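Treat the numbers as computed from the prediction; the structure is a model and nothing was measured. Each chain gets a letter, A, B and so on, in the order its sequence line appears, and its residues count up from 1.
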Amino acid sequence: MKRVLDEDLAYEILSVVGEIPEGCVATYGQIAKLIGREKNARLVGKVLSRAEYYGKYPCHRVVNHAGRLAPGWNEQADLLREEGVFLKDENHVDLKKFQWED
DNA sequence: GCCTTGACCCGCG
DNA sequence: TCGCGGGCCAAGG
């Protein structure tokens, strides 16, 4: 049921995102590397923006290398707080504590 | 088939 | 952590 490159990067990205445990956050670069596209971190973000459309994936646990949350998406901050992730600022999480390590 | 855009990353200061 | 500049790849127009 694997089919690996099922349709495109979306499946791989969503798969990794779905493995992120609660109370943790992962960076786009981290995910990009896990799917074998370290250079392509931007694609992760682009696909993740559509992840809402796909549904069921904790895209709110994905932040950038600086721990900044997605612009125009304040709800992400609340979602993280609900899982126990303390934010340093309105749009920043404490990576040194919550950055997910595989 | 080129050009622009994108929830980015890295190094430097 | 932020700002600037350069780079990488993919999708849409």
One character per nucleotide, please: for nucleotides 6-13 of chain B, 5' to 3', B when the base has a protein heavy atom closer than 4.0 Å, S when only the sugar-phosphate does, - otherwise.
BBBSS---
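- In this structure, CG in A:Asn91 is found 8.0 Å from CZ in A:Arg68, a value given to the nearest 0.5 Å.
- As rounded to whole Å, 17 Å separates atom P of C:dC8 from atom NZ of A:Lys33.
- Between the CG atom of A:Asn40 and the C1' atom of B:dT5 there is a distance of 14 Å, given to the nearest Å.
- For A:Glu19, the CD atom counts as densely surrounded, since its 6.0 Å shell holds more than 12 non-hydrogen atoms of other residues, nucleotides or ligands.
- Minimum interatomic distance between A:Val62 and A:Gln76 (heavy atoms only, all atoms of both residues): O-NE2, 3.0 Å.
- Atom P of nucleotide C:dC2 and atom CG of A:Leu95 are separated by 11 Å, given to the nearest angstrom.
- Between the C1' atom of C:dA10 and the CD1 atom of A:Ile35 lies a distance of 11 Å, rounded to the nearest Å.
- Grouping Ile, Leu, Val, Met, Phe, Trp and Tyr by side-chain contacts under 4.5 Å, direct or through others, puts A:Trp73 with A:Leu79.
- The distance from the CD1 atom of A:Ile13 to the CZ atom of A:Arg50 is 11.0 Å, given to the nearest 0.5 Å.
- Residue A:Trp100 holds its CH2 atom at 14.0 Å from CD of A:Glu22, rounded to the nearest 0.5 Å.
- Rounding to the nearest 0.5 angstrom, the gap separating the CD atom in A:Gln99 from the OG1 atom in A:Thr27 is 5.0 Å.
- The shortest heavy-atom contact between A:Ala32 and A:Asn40 is CB-C, 4.3 Å.
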N/O-N/O pairs, protein side and nucleotides 2-4 of chain B side, under 3.5 Å:
none

